Amino acid sequence: MNIGDIKNALQSIIDDFSRDEFIYDLLLAYGISKTSITRLKKGDFNLSKVEGEVLYKGKVFFKQAKTPELLTTIEHASKDTGILKHKPRFLIVTDFTTVVAKDTKTRLNVEFPIAELPAQAAFFGPLGGAEAYKISNDNKADRDAAYQLGRLYDLLVTDNPGFNNESHGLNLFLSRLLFCFFAEDTGIFSQNGIFTKTLVQYTESDGRDIHSFLNELFRRLNTEQGDFPEHLAAFPYVNGGLFRDAIECPKFSVKSRNILIECGELDWSEINPDIFGSMIQAVADPEERSNLGMHYTSVPNILKLIRPLFLDELEAEAEKQWDNAAGLHRLLARLGRIKFFDPACGSGNFLIITYKELRLLEIKMIQRLVELETQSRLYFTAISLGQFYGIEIKDFAHEMALLGLWLAEHQMNKVFDDRLEGYGQTKPILPLKEAGHITLGNAARIDWKDACPWGKDDELYVLGNPPYLGARMQDGQQKADMDFVFKSFGKYRDLDYIAIWFYKAAKFISGINAQAAFVSTNSVCQGQQVALLWPSLLTKNLEIAFAHRSFKWSNNAKGSAGVSVIILGLRNISGTPKFIFDDGVIQQAKNINAYLLDGPNVFVGERLQSISGFPRMNFGNMPNDGGGLILTEAEVKKNVNTDSRFLRKLIGSSEFIDSAHRYCLWIEDKELSTAEQNTFIAQRIEMSREHRRKSKDAGTNKLAARAHQFRDRNTATDSQILVPRVSSERREYIPLGILTPDAIILDSAMAIYDAQPWLFGVLHSKMHMVWVDAVGGKLKTDYRYSAKLVYNTFPFPDITLAQKERVRLYVLSVLDERAKWAEKTMAWLYNPETMPASLRQAHKDLDLAIEQIYRPGNPFSSDAERLEHLFKRYEEMVAAETLFAKGKKGRGKKGCK
């Protein structure tokens, strides 16, 4: 049940209001079962014997009061030990005009008109179990602790030259400190504040003996029985591996001791292990310190992955078995057997949130069993940390993942005990026992089955947020990893680094009861990477189970910048439904292909020539001149006006779209001596020459011999079509240009020289745009145009002379409409918010004319239909090419006989 459902239910309470049913309807709105409400009405669950009062253990105390007595009534209830001993989360008092409520845990109070109940949906969220952890990383407690530890870390590294961010000893030391801080504030240590108090009382103020104190304390925490001083003997035995290995603690100064004490004085019960681990990971990596908090993956984003991967199905099964005790017991046993594996786990965000969600579902199911089963019994959790596996390459993150899982277990044990008081019991966390299985190593090199063993009867889910890193962002080690994994591939060096995880996951889950899902950059499902990677993944055994199309992945951390990502789930071929998630819309699909479309598995690869017989498309002209041959409008007016014969208008993507004016020197060899008589031109040519001479590239050095010319010298005789290489995703059409032959197209755009107007119409059509969107690569989420991948692969039918002429007329109409707005930029004309209606209509008319060529008399009704047709035509054209090539080869052999 989400917040929207709850708001709707609360509104129904107001619309069909009943004083007698109000509190019961409120509880129903938050998912309390009808059976429980029936027993509450009968008095079985109502612990108050006062007429008109409802006291529901662990949930709510409710009372009607007169208007002047609302505040005094709730104040009295908040101090009544007879009420508080039953731990109601909320105290609610109302005169049925105004509601006054108090959250006994957060101590927050609200007062509001009863008609505004839906607006308070989030406040009462814990009634439905909506609070086991914070869903925001914008938590002051986490930030304060992270910054304090960052200060401590810097001082320790400065005062202890042997320690640095690569030191396993320092990493382990910090994780032990974190455990002690957390343990003294959350009840793991029996005495609240025992660690900080003992440190203050039993160490010198100058800090000289802190390291000795901590060495002995850590030895105590690893010793079950031993002879220790009374102040250390008061600490419990911890073990679990956290304090097993002997390390030498760093030395402290006055300043670092004070910061250590300040850290201890923070309230560590407010810290979220799933968030804080990532923030501390940044503390331990100075290069990433400025991005503190950005490493954390928010809970809502993690849920976007784990819900369709497994959580939705588990919750649906719980709902199916809701009235079947035996079925719920079977599902509880299943929860205790599932394995979860994150092969790039960092500090454990995904594993920790997965663990918490499973424990919440388990609690909900046990609460239902308490209602169903007449014989009272004690329930224990079936879920253990031993079900959680991971691989992490960074030592400190590895330690934090282990620690984070332990702390999450403790948090959820408290939730379990609180919500199932009298029915559920957890084992003491100390001594620490089974931990998560987190392997320290390189997931690109490790055999995943060694890190997460599986048997034929196991149920397994692989999940996470592996490193992205495009081909040009990879360092030497990462390139070597790509070589190691993809040595049997072709152009694998053009793949993103995350392709390793998709490839290994596909091999890992193949043929077993397992699924995988990763957060990824959207580029792995765009452009040339589709044809390079996905044919080896989407085999006869595997399919895409679900996909979130591109969305901005960002956190609440200050300065957090969103990156465009997808979420993609892989599974063995199954008859269960497949789903595409796109901007809040859920679409059930017959098949999800590598372009994240509902369509067949087609892989469009680069081509050197147009499959449709279009004329060649080139890059615009690259100057490679160090800026010497390119001039601003002001420079032209001041220095070259009298020699305009050597000038050409220079137009690239930005110049065309934003109407920027730039020029270039365009000098033929026979004109060079004349041009150099202009001192300014001679100086600019010399600038170009120096740039080329100083280059480390031999090819550029050779260009110094013709320093007066661009590297490329492509021009048109009649006209030329300009296609921007990158364009905003917001535009319905990429703005294209038809230019006169005297303009020079820059290499920031693509060019078709001496093309006929009908081709401009084809490329400016809706049919072509949906192909660009599906097949072309993206820069973030913006369109990226490619000759080899988009233009040369675009499937277009044979066109008659009459059809060309008809399209030409529609092209002229588009150009005429543009001309009416000559003072406006292409950016303004093609902005969906400012595009003139007449220009939009001209494009619609052109679209229809192009679609008539594809399917006469039967225009397309949607982009999905257009794409389905284009992919089918592409497959047919490729098949025809292949058949023709085979026939040609066969005829050749026959002739040789």
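Since the model is a prediction, treat every value here as computed from it, not as a measurement.
No side-chain donor-acceptor contact under 3.5 Å links Asp598 and Asn591. Residues Asp483 and Tyr492 bring a donor and an acceptor atom of their side chains to less than 3.5 Å of each other. For the residue pair Ser695/Asn701, the side-chain donor-acceptor check at 3.5 Å is not satisfied. Side chain to side chain, Asp754 and Gln720 fail the donor-acceptor criterion of an N or O pair below 3.5 Å. Using a 3.5 Å distance cut-off with no hydrogens or angles, the side chains of His548 and Asp582 do not pair a donor with an acceptor. A side-chain N or O of Ser523 and one of Asp496 form a donor-acceptor pair less than 3.5 Å apart.
A salt bridge links Glu668 with Arg713: the closest approach of a Lys/Arg side-chain nitrogen to an acidic carboxylate oxygen falls below 4.0 angstrom. Comment: Arg607 engages Glu881 in a salt bridge, judged by a side-chain N to carboxylate O separation of less than 4.0 angstrom. Between Arg873 and Glu876 there is no salt bridge, since no side-chain nitrogen of the basic residue lies less than 4.0 Å from a carboxylate oxygen of the acidic one.
The ring of Tyr810 has its center no closer than 6.0 angstrom to the ring center of His764. Checked against the 6.0 Å centroid criterion, the rings of Phe581 and Phe551 do not qualify as a close aromatic pair. Aromatic rings from His843 and Tyr830 are positioned such that their centres are separated by under 6.0 Å. In this structure, the ring of Trp771 has its center no less than 6.0 angstrom from the ring center of Tyr791.
Evaluation of the side-chain contact (heavy atoms from CB on, under 4.5 Å) rule for Ser659 yields Thr825 as partners, not counting sequence neighbours. Partners of Gln841 by side chain to side chain donor-acceptor pair (under 3.5 Å), not counting sequence neighbours, listed by chain and number: Asp845.
Contact of the Met826 side chain with the Asn831 side chain is not registered, since no non-hydrogen atoms from C-beta on lie closer than 4.5 Å. Under the 4.5 Å side-chain criterion, counting only non-hydrogen atoms from C-beta, Pro836 is not in contact with Glu817.
Screening residues 733-751 for side chain to side chain donor-acceptor pair (under 3.5 Å), with sequence neighbours left out, gives Tyr733-Asp847, Thr740-Asp742.
Around atom CD of Gln478, more than 12 heavy atoms belonging to other residues, nucleotides or ligands sit under 6.0 Å away. Other residues, nucleotides and ligands contribute only 12 or fewer heavy atoms inside 6.0 Å of the CD atom of Gln609. Within 6.0 Å of NZ on Lys804 lie more than 12 heavy atoms contributed by other residues, nucleotides or ligands. Residue-environment remark: CG (Asp697) exceeds the threshold of 12 foreign heavy atoms within 6.0 Å.
A tilted orientation is assigned to the rings of Phe614 and Phe796, their planes being inclined by 30° to 60°. The aromatic rings of Trp821 and Trp828 lie tilted to each other, with the angle between the two planes from 30° to 60°.
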